[in-house]
Protein chains: 2
Amino acid sequence: MGGLMRRPTIMDIAKAAGVSKGAVSYALNGRPGVSEETRGRILAIARDLGWAPSSPARALSPGGRVGAIGLVVDRPAHSLGLEPFFMQLVSGIETELASSGVDLLLQVTEDMGAEIAAYRRWSAERRVDGVVMVDLRVDDPRVRLVEELPLPAVLLGGPEGVGSLPCLYTDDAGAMREVVHYLAALGHRRIVQVAGPEEFMHTRARVRAFLDAAEQAGLGEARSVYADYTGEAGTRTTRRLLATTDRPTALVYDNDLMAVAGLGVAREMGVGVPSQLSIVAWDDSVLCRLVRPSLTAIARDVISYGRQAALMLGAAIGGGSVENREASRGELYPRASTGPLSA
Amino acid sequence: MGGLMRRPTIMDIAKAAGVSKGAVSYALNGRPGVSEETRGRILAIARDLGWAPSSPARALSPGGRVGAIGLVVDRPAHSLGLEPFFMQLVSGIETELASSGVDLLLQVTEDMGAEIAAYRRWSAERRVDGVVMVDLRVDDPRVRLVEELPLPAVLLGGPEGVGSLPCLYTDDAGAMREVVHYLAALGHRRIVQVAGPEEFMHTRARVRAFLDAAEQAGLGEARSVYADYTGEAGTRTTRRLLATTDRPTALVYDNDLMAVAGLGVAREMGVGVPSQLSIVAWDDSVLCRLVRPSLTAIARDVISYGRQAALMLGAAIGGGSVENREASRGELYPRASTGPLSA
DNA sequence: ACAGAAAACTGAACCGGTTAAGCAGACGGC
DNA sequence: GCCGTCTGCTTAACCGGTTCAGTTTTCTGT
């Protein structure tokens, strides 16, 4: 059940050093108010005792931080496990937090209502100092909520629709244009985007960029269909698309999971990849490299994306006003799933 | 930067209700000491004010809980994103925690040293009330550490090597025997297990069960090779195994990621699945269903695994002594990747 | 009507830190 | 010699809850 020794407090240190607990606090926090000699003695005792500051006690002091930030991931649990994006993001956030001893609270919810409840509770109960929000939506109710809550936040997405909140955004439109031009250059004319949920802002941006770029490239028959990022949706949608008489010759998926599902369907239906169908996945991952043929993908540096988000949130928590930032754009990695039509 | 209104405290409620803060505390916690009428009034005021208890303040009181538990995942970040197991586990843990308002702290580390440091810090700083530990190792240093720390814990794994800590274990050996018998019944004689890292206890258990069952079934040439769960390891190992003259006719992978990688290699090398090679994956996931051919897999109910772990940890935190439990065993789901040899 | 007990509530201490205010002693300047 | 400042430390209040020990009020029994 664990050791019995009471955790040492600054009072224990004070007694051992023969000073008051105020002096100990000054010494431990590197503030003036104690002589260097006393400070050294106190630090040594603290080390010997294995003292560490009580996070709740710190948080309780006026102006104190709880030393934790929150992240809510609102995706169906079974699809989530497969999206490397989130774990990578978590990983990136944590590398940044590690140095400052800040922890990450992760919550997986099944709907937006639960997500909103989580922010409310975290703020009201003082569980976190701030939150990173992902999957920005059109008219996102979270934006207004968090704006009026005492809860610093950084949005991943935007820069439109973020209200007064600082955001970290990527040039999805630019990356999408690159994809379309690449496919056009390979000779594809009937291309379809299997997009994410319509309510996501980044879906909007990508769809618009896809259609615009296609039109500009003279690909009249381009269109986008919405799906929900799950493998099932990828399967269903692809099956439908490939069953038409004038089936598309290239498909662009908004996440890797749907792309892999699509690849499976093509194989099942006897449609050769890339000989008869090219496939591009958004968000690269080991997954794209593991399947055969390996998938051409848009890769972004999600780890550094997470790090930057954590950095910005740290600044926002610190109280400064934070500038919006643009993260590095995704790059296209051509692999075996794309090519010119043959036969 | 967020609303300006100060968070309401029980003192605010006390003033509004014209009682002392002690009375408010009794009322809010459903304890005797206030009349039903006063209690009702206080609750109404609390609701109107949008009051919620300050987590740090609660934790600070003698015997107070911080209302959070921790989970450290010690896997390389890039492979991790793909293992549905962890997200499912997180998801399961959280469904159990949700009702009691307990939060989950997630930390992703790159090595065991960092993991141990995390437990130390969490315990010393009172960040969590307890932890769930996964991937139990042979002579696991975490066991002794956590035993002597004031830090309730539940281990996923065992029941050997868990010291005095409560654990939740699965009958991996039984499931493995089922796999071997299934393959033997299909006529396979040269089977190889691509196992996880040797230092994991569950790897040991599975390897032993695999070899024992194979011998019992008269499959003299069965053997196990260790890998590290990453796609790269799956690729490399499979390539090596399939390049031998007497190549195996069936491979059993210890996780889904390596299995998918193996499938890719087989395809690349022109080895038909399942006509010339059968593949079984441990831990089912959407991934196994998405690739073609779909992978035969051992599926466990990871969500309920997580829930049970959370439940046990809750009991351990509560102070009771917790019985070890056996979680439901994984079941074999035969799909398209296994079959008798043809040709 | 009044003692005694139970119910309702108050006041204060406590958890473990931070920090403003106060105070004694050393030092420097003139 | 005295005044003022600086250093080094102590005291005490505060954060927002919980809880124990009392105190007052109300109920009960005879």
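Letters A, B, ... are given to chains in the order of the sequence lines, protein chains preceding strands, and every chain is numbered from 1. Note that these values count all heavy atoms, side chains included, but never hydrogens, waters or copies made by symmetry.
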Student: Please compare Val19(B) and Leu60(B) by the position of their nearest nucleotide in DNA chain C and report the one closer to 5'.
Tutor: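 Per heavy-atom nearest nucleotide, the more 5' residue is Val19(B).
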Student: Regarding Ser54(B), tell me which of base, sugar-phosphate or nothing describes its non-hydrogen contacts under 4.0 Å with the strands shown.
Tutor: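 Here Ser54(B) touches the backbone only, sparing every base.
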Student: Roughly, in whole Å, what's the span from CG in Asp12(B) to P in dC15(D)?
Tutor: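 Spelled out: CG on Asp12(B) to P on dC15(D) is 11 Å.
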Student: Counting heavy atoms from C-beta on, name the nucleotide in dC9(C), dG16(D), dA20(C) closest to the side chain of Tyr26(A).
Tutor: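 Looking only at side-chain atoms, Tyr26(A) lies closest to dA20(C).
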Student: Assign Ser25(B) to base, sugar-phosphate, or nothing according to its heavy-atom contacts below 4.0 angstrom with the strands shown.
Tutor: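 Base, at least one base heavy atom under 4.0 Å.
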Student: Would you say Thr109(B) and Glu115(B) are linked by a side-chain donor-acceptor pair, where the criterion is simply a distance under 3.5 Å?
Tutor: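 Distance-only check fails for Glu115(B) and Thr109(B).
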Student: Is the shortest side-chain N to carboxylate O distance from Glu147(A) to Arg144(A) below 4.0 Å?
Tutor: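 Judged by the 4.0 Å cut-off on N to carboxylate O distance, Glu147(A) and Arg144(A) do not form a salt bridge.
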Student: Rounding to an integer number of Å, can you tell me how far Leu49(A) CG sits from dG17(C) P?
Tutor: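 Between P of dG17(C) and CG of Leu49(A): 11 Å.
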Student: Give a yes/no on whether any side-chain N or O of Trp51(A) is located under 4.0 angstrom from OP1 or OP2 of dG16(C).
Tutor: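 It does not, given that no N or O in the side chain of Trp51(A) lies less than 4.0 Å from OP1 or OP2 of dG16(C).
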Student: Atom CZ of residue position Arg121(A) - does it have more than 12 heavy atoms of other residues, nucleotides or ligands inside 6.0 Å?
Tutor: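 It does: Arg121(A) CZ has more than 12 such atoms within range.
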Student: May I have the distance from Ile10(A) (atom CD1) to dT18(C) (atom C1'), rounded to whole angstrom?
Tutor: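 After rounding, the reported distance stands at 8 Å.
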Student: Mind checking if Ser35(A) touches a base, just sugar-phosphate, or nothing, with heavy atoms under 4.0 Å?
Tutor: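 Sugar-phosphate contact only.
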Student: Less than 4.0 angstrom between a side-chain N/O of Ser61(B) and OP1 or OP2 of dC14(C), yes or no?
Tutor: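 Checking Ser61(B) against dC14(C): no side-chain N or O falls below 4.0 Å of OP1 or OP2.
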Student: Need one value for Arg126(B): base, sugar-phosphate or nothing, where a base atom within 4.0 Å counts as base even if backbone is also close, heavy atoms only.
Tutor: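 Counting heavy atoms under 4.0 Å across all strands, no contact is made by Arg126(B).
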Student: Take atom CZ of Arg6(B) and atom P of dG17(D), then tell me their distance rounded to the nearest Å.
Tutor: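 Rounded to the whole Å, the gap is 10 Å.
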Student: Can you tell me how far C1' of dG17(C) sits from CD1 of Ile42(A), to the nearest Å?
Tutor: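 The distance from CD1 of Ile42(A) to C1' of dG17(C) comes to 15 Å, rounded to the nearest Å.
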Student: Crowded around Arg41(A) CZ? As in, over 12 foreign heavy atoms under 6.0 Å?
Tutor: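 Counting neighbours around CZ of Arg41(A), more than 12 heavy atoms of other residues, nucleotides or ligands fall under 6.0 Å, so yes.
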Student: Using a heavy-atom cut-off of 4.0 Å across all strands, would you classify Ala52(B) as base, sugar-phosphate, or nothing?
Tutor: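 Counting heavy atoms under 4.0 Å across all strands, the contact made by Ala52(B) is with sugar-phosphate only.
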Student: Does Asp139(A), at its CG atom, have more than 12 non-hydrogen atoms belonging to other residues, nucleotides or ligands within less than 6.0 Å?
Tutor: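 No.
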Student: Which nucleotide wins on minimum distance to the side chain of Thr9(B), given the candidates dG16(C), dG16(D), dC9(C)?
Tutor: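 Of all the options, the side chain of Thr9(B) is nearest to dG16(D).
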Student: Which nucleotide sits closest to the side chain of Ser20(A): dG17(D), dT10(C), dT10(D)?
Tutor: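 Comparing dG17(D), dT10(C), dT10(D) against the side chain of Ser20(A), the answer is dT10(D).
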Student: Map Arg41(B) and Ala57(B) onto DNA chain C by nearest heavy atom, then report which one ends up closer to the 5' terminus.
Tutor: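 Closest to the 5' end, via its nearest nucleotide, is Arg41(B).
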Student: Please state how far atom CZ in Arg31(A) lies from atom C1' in dG17(C), giving the value in whole angstrom units.
Tutor: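 Result: 12 Å.
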Student: Rounded to the nearest Å, what distance is computed from the CZ atom of residue Arg58(A) to the P atom of nucleotide dT19(C)?
Tutor: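 In whole Å, dT19(C) P and Arg58(A) CZ are 9 Å from each other.
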Student: Please state how far atom CD1 in Ile13(B) lies from atom P in dG16(D), giving the value in whole angstrom units.
Tutor: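 Taking CD1 of Ile13(B) and P of dG16(D), I get 12 Å after rounding.
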